[in-house]
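Read the structure below first, then the notes.
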Amino acid sequence: MADQAHPGDVDVADEVPAIQTVRRAALILSGFTIERPWLSLNEITTRLGVSKPTAHRYARALRAANLLRYDPRSALYSLGPQLLGLEAAARAGLPIAAAAAPHLELLMREINQTVVLSVWNGECPVVVSCVDNTLGDIRLSVRTGSQLDVTRSAQGRIFCAYLPAGEVPGLARRLRASAELRELLKEVRRTGLAINSPVDHGVRVLAAPVFEGDQVVASMAVLGTVASLAGDLETQAAAVLLGVARDLSRELGGTTPV
């Protein structure tokens, strides 16, 4: 009696090409960053390590699915609109984003400043939540999905301070080369607080770590103008930030390193 196919059956011969296709599509999409929002077909071809016709077929398929856009004037590709919906769904599915939501709202009300939550994406911090302060004369905001600089941003410094150096690309080399960076991260670990350069666009950012177990899983930050986060105002905001970040860590079963 001949075997009958079942819906759950998978032909191994078909599975391997399918996996390769998914991996190549993911490799193309992951090549786009905040710093490099546009890629040429030559760059996509190099990234995949295949022939140009093969790379073009993948790009064309991703365009058909609205995962890529193509500008014929510049002959460059960018991420497509379909990813915006996927990004929102991904953020909504992050347990840390859901757990942090009431804490972010509380922090915003307590200090009357915009607050931000970022997670580590394997290369840099990426913003997953932003609660804007809408009561002041100046409104500051950060777009969710924004990727932050690893060592220049306050939230990046939090991850540099608490992640193993091997998990931050290039950090070990930077630490060997810069005594200033070593001291800066040592101070972050001592105080539990990172502060960015106040000369960047007149904006000041204070950031604190959030832990689950003994692992840093997020960075919570306060965003304000240099004037609104100065002197006693900064001291007060930092104290509230640290308290809220610790409350969220305790909720997650986190243990703040000594």
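We count residues from 1, following the sequence as given.
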Atom of Ala194, atom of Arg157 and distance for their closest heavy-atom approach: CB-CB, 4.1 Å
Residue Arg182 excluded, over 12 heavy atoms near CZ under 6.0 Å: yes
Main-chain N/O of Leu48 paired with Arg24 side-chain donor or acceptor, under 3.5 Å: no
Shared hydrophobic cluster, Leu233 / Leu206 (ILVMFWY, side-chain heavy atoms < 4.5 Å): no
Side-chain donor/acceptor of Thr114 to backbone N/O of Asn133, under 3.5 Å: yes
Sidechain-backbone polar pair: Ser153 side chain, Asp149 backbone, donor-acceptor under 3.5 Å: yes
Test item: side-chain donor near acceptor, Ser30 and Arg47, under 3.5 Å: yes
Polar side-chain atom of Glu183 near backbone of Glu180 as donor-acceptor pair, under 3.5 Å: no
Single-linkage hydrophobic cluster, 4.5 Å side-chain cutoff, Leu241 and Ile96 together: yes
Joint cluster assignment, Val168 & Leu184, ILVMFWY side-chain distance < 4.5 Å: yes
Donor-acceptor contact present, side-chain Arg189 to main-chain Ala161, <3.5 Å: yes
Trace of the side chain to side chain contact (heavy atoms under 4.5 Å, CB included) decision for Leu181 with Leu175: CA-CA 6 Å; Leu181 181 59; Leu175 288 173; 3.9 Å; yes
Donor-acceptor side-chain pairing of Thr33 and Arg36 below 3.5 angstrom: no
Plane angle bin for Tyr77 and Tyr70 - parallel if under 30°, tilted between 30 and 60°, otherwise perpendicular: tilted
Asp71 atom CG, over 12 foreign heavy atoms within 6.0 Å: yes
Single-linkage hydrophobic cluster Leu79~Leu76, side-chain heavy atoms < 4.5 angstrom: no
Spacing of Trp38 atom CH2 and Phe32 atom CZ [to the nearest 0.5 Å]: 9.0 Å
Over all atoms of both residues, closest heavy-atom pair of Trp120 and Glu167: NE1-O, 3.5 Å
Arg63 side-chain N/O to Arg69 backbone N/O, donor-acceptor pair under 3.5 Å: no
Ala55 to Thr45 - nearest heavy-atom pair and separation: CB-OG1, 3.3 Å
Between Thr225 and Arg204: side-chain donor-acceptor atoms closer than 3.5 Å: no
